[in-house]
Amino acid sequence: MADKCRVRITVNGVAYDQEVEPRLLLADFLREDLDLTGTHVGCEHGVCGACTVLLNGDSVRSCLCLTVQADGAEITTVEGLGTVDNLNSLQQKFREHHALQCGFCTPGMLMTATDLLSKNENMSDEELREGLSGNLCRCTGYEHIVNAVRAAMNE
Amino acid sequence: MKPPPFAYVTAESIEHAVAELARSDGEGKLVAGGQSLMPMLNFRLLEPSVLIDIGKIPDLTGISETGDGLSIGALTRHVDLETSHLIAQRFPVLTEAVKHVAHIAIRNRGTFGGSLCHADPAAELPMMAVLLDARICVSGQGGNRQIPADKFFLGALTTDLEEEEIVTRIDLPYLPESTGWGFEEISRRSGDFALAAAAATVSLVDGKISEVRLAVTGVDDLPLRIRAAEDALRGSELDDAVFSSASQIVRDAVNPNSDVHASADYRRHLIGVLVGRVLRSARSRARGGA
Ligand SMILES: Cc1cc2nc3c(=O)[nH]c(=O)nc-3n(C[C@H](O)[C@H](O)[C@H](O)COP(=O)(O)OP(=O)(O)OC[C@H]3O[C@@H](n4cnc5c(N)ncnc54)[C@H](O)[C@@H]3O)c2cc1C
Ligand code: FES
Ligand code: FES
């Protein structure tokens with residue numbers, strides 16, 4: 001096993017200072033080491049989007065990022081958006097618009113939408129669909145997800 | 001799957017990265033955005049002894065004007081190419097092309113240098129480098145050198161880089177004034193690699209083509225400039241008949257693959273159609289249209 005490296009990472013506002021193996025994926029650090037299992041892992045090669053988190057405010061695939069590469073960064077996961085009793089407005093719109101069924105894709109959809117909304121509060125329908133097109137959903141047919149994000153944008 | 005074990009070094013400078021590469025005896029790998037390398041590690045297609053992270057080297061960043069062109073740091077992320085005003089002003093064809101690279105979360109991490117070094121035969125940015133006569137600036141143990149883009153790509157996932165060399169910047173010489181451009185891509189889903197893509201620039205003097213460049217990707221082992229088609233177009237009157245013969249020259253010149261996404265015949269057909277389209281949009285932009 002290769003020598004461990006020290007990383008200092010802030011996740012959802014909490015600072016962590018830990019030793020990790022260089023090959024540890026950020027997705028596995030979040031899920032296994034921090035027990036933040038809201039971040040889902042589908043494909044492990046960047047295609048499905050389920051593992052999307054924010055790194056210094058920008059959406060990234062946590063399956064394509066090593067924990068050591070995130071040293072010094074601020075990470076936001078779906079657990080950082082709202083709580084079960086206190087959903088944030090985007091999560092609330094997902095609920096109102098039936099934007100989830102099994103929920104596997106939902107954390108990635110929420111994090112991608114958070115990034116999109118933070119960069120453009122005035123997306124055209126095409127921009128919105130294009131923005132979400134990197135996240136796969138096998139249940140909803142996408143229509144309700146698009147509606148939920150549009151509703152959050154127009155709020 | 002998960003990546004195999006490896007050691008990890010954060011390079012402090014270009015020299016440091018080169019020294020670490022040399023020390024690893026061909027077993028080390030540079031990592032920039034990781035958006036091509038990490039999938040290969042997760043699939044265990046590679047087992048490097050050490051990953052040398054160049055992501056924090058300040059000399060590899062930034063987009064600046066050099067007098068006769070733009071100098072773009074190898075670490076410039078796709079999203080920064082996409083949103084740069086300098087690039088939109090000088091190389092709008094590049095702004096358009098980068099929008100077709102993957103999705104927002106991947107564009108937030110992936111880098112210009114990484115895309116060129118990965119040299120996927122269906123990637124957009126290598127085609128842009130070839131189209132725009134990029135000079136690829138490289139540092140190695142023997143010093144620095146510049147590689148013209150059309151000598152840099154040697155085949156699928158293969159470049160002219162030596163084992164201990166690192167791409168530092170990509171220099172793009174300005175195009176003549178009144179140059180129009182076109183970019184077209186067909187892919188199965190938005191953000192996918194191209195089944196076929198083409199790009200052109202057309203510069204006019206007195207209504208005739210004075211300079212023309214035509215590049216394609218997805219239809220051969222590497223991105224190609226189609227010089228024979230450029231020769232047929234240069235000096236011509238820009239009419240659709242010349243464009244059709246250029247399309248035919250391109251179809252004859254390329255050597256596409258068949259795979260699950262498309263047959264070679266379909267790709268060959270597509271590229272001819274796309275060449276016609278990019279030439280027509282370049283013509284109308286060169287004449288001052290939008
Ligand atoms: C789901 C998905 C979809 C994608 N779709 C597309 C697409 O449609 N079009 C497209 O073009 N790309 C696509 N990509 C690839 C993406 O553009 C990558 O960002 C890019 O190919 C590599 O850039 P990187 O910085 O991530 O490089 P890395 O993955 O870090 O490195 C790639 C290779 O280049 C080497 N390298 C990196 N930087 C340097 C340097 N400065 N000097 C020398 N060697 C270096 C590395 O050692 C490695 O071998 C996609 C990726 C994913 C995961
Ligand atoms: S698990 Fe990361 S994109 Fe699918
Ligand atoms: S809700 Fe099941 S995958 Fe999207």
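Small disclaimer: the values here were computed from a predicted structure and weren't measured.
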Student: Can you check whether A/V68 reaches B/D53 side chain to side chain, under 4.5 Å on heavy atoms?
Tutor: no
Student: Would one find more than 12 heavy atoms of other residues, nucleotides or ligands at under 6.0 Å from atom CZ of B/R44?
Tutor: yes
Student: Do B/K2 and A/E44 come within less than 4.5 Å of each other through their side chains, counting heavy atoms only?
Tutor: yes
Student: For A/S133, which atoms come within 4.5 Å of any heavy atom of chain B: side chain, backbone, both, or neither?
Tutor: both
Student: Heavy-atom distance under 4.5 Å to chain B: side chain of A/L55, backbone, both or neither?
Tutor: side chain
Student: In terms of heavy-atom proximity below 4.5 Å to chain B, should A/N135 be classed as side chain, backbone, both, or neither?
Tutor: neither
Student: Does atom OH of A/Y142 have more than 12 heavy-atom neighbours, drawn from other residues, nucleotides or ligands, at distances under 6.0 Å?
Tutor: yes
Student: Side chain, backbone, both or neither: which part of B/L37 has a non-hydrogen atom closer than 4.5 Å to chain A?
Tutor: neither
Student: Do B/N108 side-chain atoms and A/D58 backbone N/O form a donor-acceptor pair below 3.5 Å?
Tutor: no
Student: Heavy atoms, side chains only, cut-off 4.5 Å: are A/Q69 and B/T10 in contact?
Tutor: no
Student: What closest approach, in Å, do B/K56 and A/D71 show between heavy atoms, and which atom pair accounts for it?
Tutor: NZ-O, 3.6 Å
Student: Chain A heavy atoms under 4.5 Å from B/V31: which part of the residue, side chain, backbone, both or neither?
Tutor: side chain
Student: What distance separates B/R109 CZ from A/S59 OG, expressed to the nearest 0.5 Å?
Tutor: 11.0 Å
Student: At what distance, to the nearest 0.5 angstrom, does CE of B/M38 lie from CZ of A/R61?
Tutor: 14.0 Å
Student: Rounded to the nearest 0.5 Å, what separates atom OH in B/Y8 from atom CD in A/E21?
Tutor: 14.5 Å
Student: Any donor and acceptor pair, going by atom type alone, linking the side chain of B/N42 with main-chain N or O of A/L64 inside 3.5 Å?
Tutor: no
Student: Measure the CD-OG distance between A/E126 and B/S190 for me, rounded to the nearest 0.5 Å.
Tutor: 10.0 Å
Student: Can you confirm whether more than 12 heavy atoms, excluding those of A/E74, are under 6.0 Å from its CD atom?
Tutor: no
Student: Report, as yes or no, whether the 6.0 Å neighbourhood of atom CG on A/D17 holds more than 12 heavy atoms from other residues, nucleotides or ligands.
Tutor: yes
Student: Give a yes or no on whether a salt bridge exists between A/E130 and B/K99, defined as a side-chain N under 4.0 angstrom from a carboxylate O.
Tutor: no
Student: Checking side chain to side chain contact (heavy atoms under 4.5 Å, CB included) for the pair B/H103/A/T112: CA distance, chi angles, key distance, verdict?
Tutor: CA-CA 10 Å; B/H103 305 104; A/T112 302; over 6 Å; no
Student: Sub-3.5 Å donor-acceptor pair from the side chain of A/R23 to the main-chain atoms of B/P3, do we have one?
Tutor: yes
Student: Do other residues, nucleotides or ligands put more than 12 heavy atoms under 6.0 Å from B/E163 CD?
Tutor: no
